[in-house]
Number of protein chains: 2
Amino acid sequence: MTVMDMPQLDTTFSALSDGTRRAIVARLADGEAPLSELAEPFDMSLTAVSKHLRVLSDAGLVEIEKRGRTRHCRLRGAPIKEAVDWLSKYEGFWIDRFDALARHLAKEDKD
Amino acid sequence: MTVMDMPQLDTTFSALSDGTRRAIVARLADGEAPLSELAEPFDMSLTAVSKHLRVLSDAGLVEIEKRGRTRHCRLRGAPIKEAVDWLSKYEGFWIDRFDALARHLAKEDKD
DNA sequence: CCTTTACTCAACCTGATGGTTGACTATAAT
DNA sequence: ATTATAGTCAACCATCAGGTTGAGTAAAGG
């Protein structure tokens, strides 16, 4: 299973690469909210925020439930966990090239 | 400090939203490599891979060192760590709405 | 019933992304 | 000196992303 075969990560990282969407995620961590409330802090049209929510929803990061005339949104952790799992394999890297060599040799040792 | 004020996360997540670039990151975890070696597994021009490396470099995820006529690339963990730090705050979320309510009340309790 | 609220949808614009090719530069090898 | 290697650069193209506006729909409230 190569990295290329994880298209879910494409959409997750892509969704989180926008500050507006990260702000929405952060807001939803405090509890679910309807779209209009989520849109309120932002200096953009409701349509624009609705599009952002759509992106988050398509990525599986947010669940949107139709309730009367409002749409209530809440956070889903699963894709985020998947992203953390992938990232965690690489967060320990630092610049020193000799260290990189050491890691390389250590890995060959295990093979 | 709001989420919007972290433009580094924009470039980090954006850089990682492409499968080719994630594959490069994964490859570099095994040790540094020149561009031509990095490009070899991919069915695209060297120019295209060079552009991907440029994106990773601009995001601070990869360091490129000019050495003779080759460019040697190695991974940098710092931006990845920052991404993990941000994500970790949200990976625990699941779907149950009552749980979201509980978290919300717990947070109000602390305020 | 009529109006307001909370959206959605379609069309449009602009700029960024991901890829190509062809020409070029610089280092290394013969 | 010539050639091959490693990579950059500029131009181009198609598609996508983030925003807008204007019109339309569906539920709630007077």
Side-chain angles (χ1 to χ4, degrees), chain A residues 2-25 27-28 31-74, chain B residues 2-25 27-28 31-74:
Chain A
T2 84
V3 179
M4 305 287 293
D5 299 329
M6 300 184 69
Q8 170 67 54
L9 289 175
D10 279 49
T11 51
T12 301
F13 285 132
S14 178
L16 294 174
S17 72
D18 181 276
T20 301
R21 284 187 302 256
R22 285 198 307 278
I24 290 174
V25 166
R27 164 64 189 80
L28 288 177
E32 67 172 50
L35 175 51
S36 43
E37 185 186 322
L38 291 175
E40 196 266 329
F42 302 107
D43 188 23
M44 67 179 72
S45 68
L46 187 64
T47 301
V49 176
S50 177
K51 280 190 186 184
H52 282 303
L53 251 303
R54 180 70 182 269
V55 172
L56 290 167
S57 167
D58 286 349
L61 286 161
V62 163
E63 251 214 351
I64 302 177
E65 183 198 347
K66 196 173 172 176
R67 203 185 298 170
R69 70 181 152 176
T70 67
R71 274 90 177 119
H72 287 254
C73 311
R74 60 180 163 274
Chain B
T2 84
V3 179
M4 306 285 294
D5 300 328
M6 300 184 69
Q8 170 68 55
L9 289 175
D10 279 50
T11 51
T12 302
F13 285 132
S14 179
L16 294 173
S17 71
D18 182 276
T20 300
R21 286 190 298 259
R22 285 198 308 279
I24 290 173
V25 167
R27 164 64 188 80
L28 289 178
E32 67 172 51
L35 175 50
S36 43
E37 184 185 322
L38 290 175
E40 194 267 327
F42 302 108
D43 187 23
M44 66 181 73
S45 68
L46 187 65
T47 301
V49 176
S50 177
K51 281 191 185 183
H52 282 301
L53 253 302
R54 180 70 182 270
V55 172
L56 290 168
S57 168
D58 287 348
L61 286 161
V62 163
E63 251 212 351
I64 302 178
E65 183 198 348
K66 196 172 171 177
R67 204 185 298 170
R69 71 182 152 176
T70 67
R71 274 90 178 120
H72 287 253
C73 311
R74 59 179 164 273

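Every chain is numbered from 1, with letters handed out A, B, ... down the list of sequences. What you see is a predicted model; the values in this text were computed from it and never measured.
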(request) Using the test side chain to side chain donor-acceptor pair (under 3.5 Å), find all partners of B:Thr70 that sit at least two apart in sequence or belong to another chain. (result)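 Partners of B:Thr70 by the side chain to side chain donor-acceptor pair (under 3.5 Å) criterion, ordered by chain and then number, come out as B:His72.
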(request) Shoot me the first and last contacting nucleotide of DNA chain D against chain A, ordered 5' to 3', at under 4.0 angstrom to non-hydrogen atoms. (result) D:dG18 to D:dA28
Heteroatom pairs (N/O) under 3.5 angstrom, protein to nucleotides 7-10 of chain C:
from: C:dC7; atom 1: OP1; to: A:Arg71; atom 2: N; distance (Å): 2.7
from: C:dC7; atom 1: OP2; to: A:Ser36; atom 2: N; distance (Å): 2.7
from: C:dC7; atom 1: OP2; to: A:Ser36; atom 2: OG; distance (Å): 2.5
from: C:dT8; atom 1: OP2; to: A:Ser50; atom 2: OG; distance (Å): 2.4
from: C:dC9; atom 1: N4; to: A:Thr47; atom 2: OG1; distance (Å): 3.3

(message) Once salt bridge (charged side-chain N to carboxylate O under 4.0 Å, His left out) is applied, do any residues pair with B:Arg54, and if so which ones, sequence neighbours excluded?
(response)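 B:Arg54: salt bridge (charged side-chain N to carboxylate O under 4.0 Å, His left out) contacts with B:Asp58.
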Name all residues meeting the side-chain contact (heavy atoms from CB on, under 4.5 Å) criterion together with [X]; count only those two or more places apart in sequence or in a different chain, and write none if there are none.
{"X": "B:Ser36", "answer": "B:Pro34"}
{"X": "A:Arg27", "answer": "A:Asp30, A:Ala33, A:Glu37, A:Leu38"}
{"X": "B:Val55", "answer": "B:Ala15, B:Arg21"}
{"X": "B:Thr11", "answer": "B:Gln8, B:Ala59"}

Starting from [atom2] on [N], measure out to [atom1] on [X] and report it in whole angstrom.
{"X": "B:Asp18", "N": "C:dG19", "atom1": "CG", "atom2": "C1'", "value": "11 Å"}
{"X": "B:Met44", "N": "C:dG18", "atom1": "CE", "atom2": "P", "value": "10 Å"}
{"X": "B:Asp10", "N": "C:dG15", "atom1": "CG", "atom2": "P", "value": "19 Å"}

(request) For the residue pair B:Glu32 and B:Arg67, establish whether any side-chain heavy-atom pair is separated by less than 4.5 Å. (result)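 Yes, side chains in contact.
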(request) Starting from the 5' end of DNA chain D, give me the residue, A:Ser17 or A:Gly68, whose nearest nucleotide shows up first. (result)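 Its nucleotide being nearer the 5' end, the pick is A:Ser17.
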(request) Check whether any side-chain N or O of B:Ser17 sits under 3.5 Å from a backbone N or O of B:Ser14 as a donor-acceptor pair, and report yes or no. (result) yes
